[in-house]
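To start, the structure under review is shown below, and the notes come after it.
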2 protein chains.
Amino acid sequence: MGWAAASLPGLGPEDAARLDALPVHILPRGARVFGPGETPQGFAMVLSGRIEVSLTGPSGREILLYAVEPGQSCIQTTLGLLGDEPYSGEALCVTDTRVAVIPAPLFHALMARSEAFRGFVFRALASRMNDMTALLERVAFTRVEARLAAALLDLGGTGAVAATHAELAARIGSAREVVSRRLEAMAKRGLVATDRGRVELRDPAALKRLAEAQ
Amino acid sequence: MGWAAASLPGLGPEDAARLDALPVHILPRGARVFGPGETPQGFAMVLSGRIEVSLTGPSGREILLYAVEPGQSCIQTTLGLLGDEPYSGEALCVTDTRVAVIPAPLFHALMARSEAFRGFVFRALASRMNDMTALLERVAFTRVEARLAAALLDLGGTGAVAATHAELAARIGSAREVVSRRLEAMAKRGLVATDRGRVELRDPAALKRLAEAQ
DNA sequence: CTTCGCCGGTGATCTGGTCACAGACCGACT
DNA sequence: AGTCGGTCTGTGACCAGATCACCGGCGAAG
């Protein structure tokens, strides 16, 4: 069974076959999928790997918007296709990634004839919109320590996380120094232990409580 | 000509007639259109008036996500219809508002058969998604003074704005005291003059520069 | 004209962001 | 082994912003 039938239950067999026949692009770790202001020319589905979309402020500070994982579509391409607004985020592959690109004409044809395809696209959009709202809520209303704890759990629920303070800061939209100090404070309380480029989670339960606080 | 043909150019005449025949709901100023966790049962189009969607944090702090104006659809209902995720924002009418609600079955039928309708829905989604991204960027990366200046210009580009400090704070996701102090500082520089429940814009050009800074 | 609620002002205190460094560690190269 | 450049982390000082606890002022309802 190809990827199409697996990712898009309910899709007609001939449409699935057509999708499975599309060329698959292989993007190496670190590749830039799109940058600010670009308009994509097809609808991209991630087959394997992971793409992270983040926003960079004028000062160079960054924040992770969301990640695209296997079976998900890169929503920016979707919006670009029909909304024709350019996008301000930047998408990078965190691992080697395989991507199938549905050309615009086929995308529109599928939207017209397949209920299942429309449902997939909409659910993807709805879920991203929710992600964005949740992120905005966290950035606007919760303190750095809670976001940091959440990021640590998200990255390596078990044991340890391989990330520098700068990377963690970019993920949660804060500054490197702040992450350093928060980690130090958390270490003092026995929640984590730090080492160059590595954070060991000593008390995941307490971290979880912290992540959910206010 | 009814609202449907005006808002949805390219829609077939019989579909437009069907939409125009839908009942129109009248919501008074201050009415709550939906609250956190609710799932809508139709696709809502604003015909006149203005609906504002905002997010409230646990501490009671608020932030305006976006406004829905005539000819626009309330995107939350769109997402609820196919993505079936509940939503965390709250939508309130800022003025008396007339809304047409397209029932779910008709919505799906239109999505299936009308290219124009799909285009409209997608463009609406894309534009909201961009709004949200831009908002996130501003909240994460720009200082309160810039956001405040932008809010003032947005509210009353000309002359004066009728809003309390608390309302302005809710709009930009800050705190009342902070807005008070920023306004005082801006008044000292001659950018605005304040009065109870009112802010007079003395130097819109300078405010604009401030709003666009960093 | 008084009372109650909303509106705005203020100081203290805490968190977070920015700047400017200073070590510390690492890998590569000689 | 030594050293050299780059990256990672720690630190102090300072500013912006959020929160808390108040207070005085205004205005509309009674």
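We use all heavy atoms of the structure for the numbers below, so side chains are in, but hydrogens, waters and symmetry mates are not. Note on naming: letters A, B, ... go to the chains in the order of the sequence lines (proteins, then strands), and numbering restarts at 1 for each one.
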Under 4.0 angstrom, heavy atoms only, what part of the nucleic acid is [X] near: base, sugar-phosphate, or nothing?
X: A:E184; result: sugar-phosphate
X: A:R182; result: sugar-phosphate
X: A:V178; result: base

A:R29 atom CZ, neighbour heavy-atom count above 12 within 6.0 Å: no
Between [N] atom [atom2] and [X] atom [atom1], what is the distance in whole Å?
X: A:R198; N: D:dT9; atom1: CZ; atom2: C1'; value: 16 Å
X: B:D195; N: C:dG8; atom1: CG; atom2: P; value: 9 Å
X: A:R147; N: C:dT15; atom1: CZ; atom2: P; value: 15 Å
X: A:E167; N: D:dT7; atom1: CD; atom2: C1'; value: 11 Å
X: B:E62; N: D:dT19; atom1: CD; atom2: C1'; value: 17 Å
X: B:L168; N: C:dG9; atom1: CG; atom2: C1'; value: 16 Å
X: B:R196; N: C:dG5; atom1: CZ; atom2: P; value: 15 Å

Nearest-nucleotide comparison on DNA chain D, the residue closer to the 5′ end among A:T194 and A:F141: A:T194
First encountered from the 5' end of DNA chain D, between A:R143 and A:A163: A:A163
Does the side chain of [X] get closer than 4.0 angstrom to OP1 or OP2 of [N] through an N or O atom?
X: A:S180; N: D:dG10; result: yes
X: A:H165; N: D:dG10; result: yes
X: B:S174; N: D:dA18; result: yes

Sub-4.5 Å side-chain heavy-atom contact between A:L92 and A:E52: no
N/O donor-acceptor pair under 3.5 Å between B:T97 side chain and B:C93 backbone: no
Closest-nucleotide ordering on DNA chain C, the 5'-leading residue of A:T142 and A:E177: A:T142
No-H, no-angle donor-acceptor pair, B:R176 side chain to C:dG9 base, under 3.5 Å: yes
base_contact_polar (C:dT18 base, A:R181 side chain, donor-acceptor, <3.5 Å): yes
Lys/Arg N to Asp/Glu carboxylate O, A:R181 vs A:E145, below 4.0 Å: no
Ion pair check, B:R176 and B:E167, cut-off under 4.0 Å: no
